[in-house]
S.K.: 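Pasting in a structure now, in structure tokens, and then I'll have a few things to ask.
Sequence lines set the chain letters: A, B, ... in the order given, protein chains first and strands last, and positions in each chain run from 1. Only heavy atoms go into these numbers, but all of them, side chains included; no hydrogens, no water, no symmetry mates.
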2 protein chains.
Amino acid sequence: MLNRGSGVTLWRQIEQILRREIAGGGVIPGGRLGTEHELAHRFSVNRHTVRQAIAGLREAGLVDVTQGRGIHVAESPLEYPISRRTRFSENLGRQHRTPGGRLIEAVVVSASVIVAEALEIAPGQQVHKLKTVGEADGRPVSVVERHFPAGRFPDMADRYRETGSVTAALAAHGCTDYERRVSRVTARLPDAEDADLLGLSRRRPVLVVESVNADRDGLPVEHAVARFVGDRVQLVFEPGNDLG
Amino acid sequence: MLNRGSGVTLWRQIEQILRREIAGGGVIPGGRLGTEHELAHRFSVNRHTVRQAIAGLREAGLVDVTQGRGIHVAESPLEYPISRRTRFSENLGRQHRTPGGRLIEAVVVSASVIVAEALEIAPGQQVHKLKTVGEADGRPVSVVERHFPAGRFPDMADRYRETGSVTAALAAHGCTDYERRVSRVTARLPDAEDADLLGLSRRRPVLVVESVNADRDGLPVEHAVARFVGDRVQLVFEPGNDLG
DNA sequence: ACGTATTTGTTCGTATGTATC
DNA sequence: GGATACATACGAACAAATACG
């Protein structure tokens, strides 16, 4: 398999072989490349030699190496463009990923201080709370919790259930256009429920995006808090997009 | 201290007292509120009663409760506005925080594939690599790793050392204006070095922002990867800002 | 919450080949 | 050829993170 004394070091030969296997699709993204021990056995070399080869792949961003987990072929992150016209659910279609979503919860509650402030209503007012899980390729990528003023959008939950779309449900209430005002981004570890919904270990971070959408008149329409799987999602902010 | 049988439950009284202490600045943000045990002793109540009071504070976002760490008064997150004209180092001045930074490393290396692509130069070309730690109120909040094409900015490292400012160093090379093209945001756990520089546990996530700055002619000037302390920083994207 | 197995990360030490002066 | 430095390769042991029951 390997060529000792050929003028090419063993680790570079191994790196090349693995590169070809990854490029050729021999191992699917997210799949295991095998443990260092296995690879060392396979190529009949020392573990250190394998490690040097892997270091090259890691440098090139072709694999993810995690202590205790193993060596995995890197997945191209889900790009999630965010601009004035971002619609959370309708965002993944462009990337040849099959989007999807399911409703977790739809209730009417009284607005917390934060929500009330964002929606510019009085605290304690009734708001619709919708919680959905967004999926790509059948795997969950986001948990979104939205709040809508119940006064202006009385049938929000029903309309959403009928159409499966926030945009459509808002349109059914006469709000045909809206755009994103601010996005606030933080990172933290998921709580038990989010970890469960996202199929995530509690040790792996989530990206938290808090946003407010407002209609043409500048009146807030929706307050949303989305949690994304941190290392599978890349939020892309492109100022230029906002102008279009 | 407390009023038993007054018609107000003990836990609500405790909650109110703690609220006032926090609001009045009796405990500084980030400081410990005391353990549940201590509080129970102080108010002469059962630990469960304290827990119920704390639950209210937690709900209101006034405290952070972490298993094994204790109860800490929530720090208002550092707001970090990001727009076309974002300058990493000059961003914190507005919030009454004393900004600062220190240079960790300044070397010339050959560009990796990723950097070369972002800067639109050939891979392997020489680039300046500057690594700095940004601080607010004496505490580190960000690690920024920047790359500049050495061909166009030959004295980048020296100019930066002289001025302590990227903007000034670029200006010294005749590049007086530039703006942010894209920002890509992910979250992950810090590696050992970042955790060390940020004074962070390796279990607490960092926000990773990759960005490209380009000059008036659209020519890329800088490729930067910034790591922020995830739960102390809030990135704020406001489309409206880009127009100003 | 806890232990156990798995897996990568790190650090010793040793031997060998290769390039340079 | 001799001396030196450096990268390559192997071996063993331990540390640290993760997954799983």
S.K.: How about H173(B) and F153(B): are their ring centres within less than 6.0 Å of each other?
M.R.: yes

S.K.: May I ask you to decide whether E15(A) forms a salt bridge with R19(A), counting only side-chain N to carboxylate O separations under 4.0 Å?
M.R.: yes

S.K.: Going by heavy atoms in the side chains, are R204(A) and D231(A) under 4.5 Å from each other?
M.R.: yes

S.K.: Below 4.5 Å, heavy atoms only, C-beta onward: do R146(A) and K131(A) meet side chain to side chain?
M.R.: no

S.K.: I need a per-nucleotide contact map over nucleotides 5-21 of chain D, read 5' to 3'. Cutoff is protein heavy atoms under 4.0 Å; write B for the base, S for backbone only, - otherwise.
M.R.: ---SSBBBB--BBSS--

S.K.: Rounded to whole Å, how long is the line connecting atom CG of D64(A) with atom C1' of dT7(C)?
M.R.: 15 Å

S.K.: Hey, can you tell me if H147(B) and H223(B) have their rings parallel, tilted or perpendicular (30° and 60° cut-offs)?
M.R.: tilted

